[in-house]
Structures are given as C-alpha cells and as structure tokens.
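Have a look at the structure below, then the notes.
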Amino acid sequence: VNISKGKMPEDLPALARDVVQHFGSLDHKVNFTQTIRSNTDFVYKHSIGVSIISAMIGHAMGLRENTLLSVVTAAFLYDFGYLYVPAEIMKKGEDITELENTTISKYREKAFALLKPDTNPYNIPSDTMAMITQMLQAGRAEDGNVDRSKWLTGTSILTVADKFDRMTAMSLSRKPNSEVAAIRFLIDHPELYPENVVSALAQSIHIMPVGCCVDLTNGDKGLVLGTNEKDFNHPVVLSFSKNEIFDLSDPTVYRKIQIADVMRTMDNRVKMD
C-alpha cells in the first residue's frame, strides 16, 4: 500500500474489499506466517498483516460485511503515519526513548489530518475514522491507560490484531514470539485485549497444528498428533524421549505435563519431524 506525501492509492477501497472477500468469509483456520521485516517495509507488511487478521477476527465474531470493510480500511490506515517518522528512529524498532515515542505520535497525528474529508476525496467511512482516532488516543496515552468503555468493536479488533502481528513478526532487531506465546500474552491481559476478540483470533488461526513440535514443561520435546478445538493448550502429544502419547485434555496428565512453547527455526517456520 503506497501511501506517501498525503496521497493514498485510488484502489484502497478495492483492496479492502479483496481482503474481506478472501479472509473475511473463511470456514476454516489458516496458518498465519510472515516474512522478515525491516524498517523500510514495516508499514506495508504490518498493514497487510493487521488487515488480514482483522478480517478473520471480524468474520469469527459475525460482523456484517460493511463493518468488516470499515475495520479493514482502518487497518490499512491507522499506522501509515510511520512513513513520516525519521529513518534513525525507525531503525531502533521498539527500543525507543520516551521523547522518540512522542515524536512518532506527532507524525501519526500529522498523517491522520490527511485522512479528514477536507484533505482527501476518498470519503473514508466515519466509523473507520472513529477507529483510527481511538487507536491514536491509545498510542498517545503515556502510561498505556485509556478509557476503552466507549471503544468501537472494530477498535478492539485492531488492538488485538496489531499486538499479535507485532509479537509474531520477524525483524532484523529481535526474535519473534510464537503464536502460542502471543495468544497466551493476549489472554493474560484481558484489560487491554477483550476476551471475545482474542477468542475469535484463536478460532481463526492454527496455533498448535498437527505436526508441529513442542517443548514440554517436563523438559522433553514432542510432536502434536491431535489438536483440541476447545482449548489449544490441551492437544494430544507424542513424547520423543519416551515414545509415549499424552492426551493433555486429561486433567490427570495435564497436571504433570503442559506445553511450554512451540519449537521454531530462526525463520519462524514451525519445525516438522
């Protein structure tokens, strides 16, 4: 999505419809994989990732198509202010100072001004503008606290999709989190990431698919033989060291053994036996 110097691509509405058509109507889970990001292509890849995740979450939550379109459009636009941020700040990734974070907020506000009806001819939906406004307000909150009681459902979806995409993305400066670690983080912070939205995300992607290798809390490693649709933390696992099958949906077994994390290679692909 080439958005620069106050200009947006004329096919942005068509792009949003394409994402909704392909990812906002799926009847099955998908493997969400990403390629490595640099400071020069962060905005493009992040926007695409968040828009796809948001479309899947919205569909799982039963949102209407026009609402999905508004959410996906907001996903493409709420962070395009990063295109104005100086390269020396972008190179730091998440290791930025408070002053630099304030600078980023100012550039995002500048970009937001370009989206208003009097500065562009694209007639961006009012609810899309409201979602972007709320996302910017959350970004401005120095202590991370913001009144979320009046947030639109789309804003909550964007917040979850944004965090999940950032945590699982590969970059030149840090190792990505696994989908398991990211989902568990979201679950552990319901005050920031609503449970129903996180649940919809878990329904949309493969978190611990059959065939993936996992680290167990007893120090062993294993292979997932069967998933658990009710709770991804309780699959059927084959222990490598003992060549023994453990059904983690059995409370007796789960008290002794749990999944610590998914084993991953450096390029973030799931390890296969």
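Values reported hereafter were calculated over all heavy atoms of this structure, with side chains retained and with hydrogens, waters and symmetry mates removed. Worth saying up front: this structure is predicted, and the values here are computed from it rather than measured.
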- Are the side chain of H46 and the backbone N or O of F42 linked by a donor-acceptor pair below 3.5 Å? no
Using a 3.5 Å cut-off and no angle test, enumerate the donor-acceptor pairs between side-chain atoms of residues 50-67 and protein atoms at least two apart in sequence or in another chain.
| from | atom 1 | to | atom 2 | distance (Å) |
| --- | --- | --- | --- | --- |
| S51 | OG | S47 | O | 3.2 |
| S51 | OG | I48 | O | 2.7 |
| S54 | OG | V50 | O | 2.7 |
| H59 | ND1 | G24 | O | 3.0 |
| H59 | NE2 | L26 | O | 2.9 |

- Query: Hey, what do you get for CD1 (I89) to OH (Y84), rounding to the nearest 0.5 Å?
  - Reply: 15.5 Å
- Item | Q134 (side chain) donor-acceptor with M131 (main chain) under 3.5 angstrom | no
- Query: So, for F112 and M129, which heavy atoms are closest and what is the spacing to 0.1 Å?
  - Reply: CE1-CE, 3.7 Å
- side chain to side chain contact (heavy atoms under 4.5 Å, CB included) filter on V236, not counting sequence neighbours, yields L225, I245, D247
- Query: Where is the tightest heavy-atom contact between G222 and V237, given as atom of each residue plus distance?
  - Reply: CA-CG1, 3.9 Å
- For side chain to side chain contact (heavy atoms under 4.5 Å, CB included), just list the numbers for F164 and I205, CA-CA rounded to whole Å, side-chain angles, deciding distance to a tenth of an Å, and then say yes or no. CA-CA 12 Å; F164 183 82; I205 62 173; 3.3 Å; yes
- Query: Among pairs that include at least one residue of residues 191-200, which meet side chain to side chain donor-acceptor pair (under 3.5 Å), considering only residues two or more places apart or in two chains?
  - Reply: S199-Q203
- Shortest non-hydrogen contact from V224 to P235? CG1-CB, 4.0 Å
- Query: In chain order, what residues pass the side chain to side chain contact (heavy atoms under 4.5 Å, CB included) check against A130, with sequence neighbours excluded?
  - Reply: L152
- side chain to side chain contact (heavy atoms under 4.5 Å, CB included) against T73, all qualifying residues, sequence neighbours excluded: A16, L77, T128
- Start with the C-alpha gap between M208 and V214, add the side-chain angles, then the distance that decides, and say whether side chain to side chain contact (heavy atoms under 4.5 Å, CB included) holds. CA-CA 9 Å; M208 208 176 299; V214 294; 4.2 Å; yes
- Message: Would T168 and N177 count as a side chain to side chain donor-acceptor pair (under 3.5 Å) here? Give the steps.
- Response: CA-CA 5 Å; T168 58; N177 296 103; over 6 Å; no
- Task: List in chain and number order the residues that pass salt bridge (Lys or Arg N to Asp or Glu O under 4.0 Å) with K163, two or more places apart in sequence or in another chain; answer none if no residue qualifies.
- Result: none
- Message: What I want to check is whether the side chains of D127 and S70 have a donor and an acceptor closer together than 3.5 Å.
- Response: yes
- Note on the structure: When every non-hydrogen atom of V43 is compared with those of D79, the smallest separation belongs to CG1-O, 4.2 Å
- Looking only at atom types and distance, does a side-chain atom of R108 sit under 3.5 Å from a main-chain N or O of Y78, one as donor and one as acceptor? yes
- Item | Taking every non-hydrogen atom, the tightest pair across I257 and L248 | O-CD2, 3.6 Å
- Message: By the side chain to side chain donor-acceptor pair (under 3.5 Å) test, which pairs, at least two apart or in different chains, include something from residues 231-244?
- Response: R184-N233, D220-S239, D220-S241, D231-N233, D231-H234
- Query: Residues two or more places apart in sequence or in another chain: which of them pass salt bridge (Lys or Arg N to Asp or Glu O under 4.0 Å) with D250?
  - Reply: none
- Closest approach of F80 and A111, non-hydrogen atoms and distance? CZ-O, 3.4 Å
- Results of side chain to side chain contact (heavy atoms under 4.5 Å, CB included) for Q258 - residues two or more places apart only: T217, Y254
- Out of curiosity, I259 CD1 to F246 CZ, how far, rounded to the nearest 0.5 Å? 11.0 Å
- Task: Could I get the full list of salt bridge (Lys or Arg N to Asp or Glu O under 4.0 Å) partners for K221, not counting sequence neighbours?
- Result: D215
- Query: With S126, which residues qualify under side chain to side chain donor-acceptor pair (under 3.5 Å), at least two apart?
  - Reply: none
- Item | Working for side chain to side chain contact (heavy atoms under 4.5 Å, CB included), residues R255 and T252 | CA-CA 6 Å; R255 279 195 292 268; T252 303; 3.6 Å; yes
- Excluding sequence neighbours, so at least two apart, what forms salt bridge (Lys or Arg N to Asp or Glu O under 4.0 Å) with E88? none
